[in-house]
Amino acid sequence: MSCVDGGCTRRFVELSLRFRHTCAVEVGGAVWCWGSNASGQVGDGNEALAQPRPSRVPDLSATHVFAGMDDTCARAADDTLRCWGTNAGAQLGTGETSRLSTAPVTARGVVRTAAMALGAAFSCGADDDGAALCWGSNEWGGLGDGRSGARQPVAPRGLTGVTQLGAGWGTPAPSPTAPCGAGAAVGSRRSATA
């Protein structure tokens, strides 16, 4: 942080925004979020409807942050994935559904997340090696494994070498290179997109 004439600014190395809130990783790993907090997606432990100024997510040092519709995840300094916000579809990765979490919880079985997409009620992540995992609601086939029902976490069929992910409301855009029913758009080292 630098201060001049009583005003201070923070230096962010990564910024992620989606729908109604924004999060950023500060130099040194502190995570800051602001905007709508109706579902706890700011992660500062309170249930205020909005946070108009950046608020630090307590007890979290991270290298990446991923803002979703009403939830947020971050790759913590210890390479685990921590998520917070709405959890009605089990999209926080704990294996359980709950109304919300206003503080980070650890996603089970998801580590070294390099890319991530948070859909309406599901999440997908890809690790440093390009292996993809998805978890949460599977109402529209967003998990990409060809089955229905929420699960924690599953590998979408046919995806390897994933470098980017994108998720929408849950309805996929068909592509000849994506598995049928995948609700996440992906990019791989082979330039496959959906």
Give me the one residue out of T80, D127, D128 that meets side-chain hydrogen bond (donor to acceptor under 3.5 Å, both in side chains) with R75. D128

Do you know the tightest heavy-atom contact between P156 and C134? CG-SG, 3.5 Å

Linking I/L/V/M/F/W/Y whenever their side-chain heavy atoms sit closer than 4.5 Å, directly or via other members, would L81 and L118 fall into one cluster? yes

So, taking the atom named SG in C124 and the one named CG in L133, what distance separates them when rounded to the nearest 0.5 Å? 8.5 Å

Run the side-chain donor-acceptor check on residues 54-66: report pairs under 3.5 Å with partners two or more places apart or on a different chain.
{"from": "S55", "atom 1": "OG", "to": "D44", "atom 2": "OD2", "distance (Å)": "2.8"}
{"from": "H64", "atom 1": "ND1", "to": "E14", "atom 2": "OE1", "distance (Å)": "2.8"}

Testing the basics here: between A126 and V162, what is the closest heavy-atom pair and its distance to 0.1 Å? CB-CG1, 3.7 Å

Does anything in residues 104-120 pair up under side chain to side chain donor-acceptor pair (under 3.5 Å), and if so which pairs, sequence neighbours excluded? R82-T106, R112-D129

Enumerate the salt bridge (charged side-chain N to carboxylate O under 4.0 Å, His left out) contacts for residues 84-105, please, sequence neighbours excluded, ordered by first and then second residue. E47-R99

Checking T102 side chain against G40 main chain: does a donor-acceptor pair fall under 3.5 Å? no

For residues V110 and P153, report the shortest heavy-atom separation together with the two atoms involved. CG2-CG, 4.3 Å

Quick check on side-chain hydrogen bond (donor to acceptor under 3.5 Å, both in side chains): which of T72, D70, N37 does H21 satisfy it with? T72

Among the clusters formed by ILVMFWY side chains lying less than 4.5 Å apart, do V27 and W32 turn up in the same one? no

Pairs involving residues 84-94, ordered by first then second residue, that meet side chain to side chain donor-acceptor pair (under 3.5 Å) (sequence neighbours left out): N87-S98

In short, disulfide bond (SG atoms under 2.5 Å apart) pairs touching residues 26-62 with sequence neighbours left out are C23-C33

One should read off an interatomic distance between Q51 CD and T22 OG1, to the nearest 0.5 angstrom, of 12.0 Å

Provide the closest heavy-atom pair for G43 versus P104 in the form atom of the first, atom of the second, distance. O-CD, 4.1 Å

Are any side-chain N or O atoms of Q41 and backbone N or O atoms of S36, one a donor and one an acceptor, separated by less than 3.5 Å? yes

Distance, nearest 0.5 Å, that separates CG of D71 from CE of M69: 9.0 Å

Give me each pair satisfying disulfide bond (SG atoms under 2.5 Å apart) with a member in residues 47-80, each pair once, sequence neighbours excluded. C73-C83

Search all heavy atoms of A24 against all heavy atoms of F12 and return the closest pair with its distance. CB-CD2, 3.4 Å

For V105 and S101, work out which heavy atoms get closest and say how close. CG1-OG, 3.6 Å

Approximate separation, where rounding is to 0.5 Å, of W135 CH2 and L92 CG: 10.0 Å

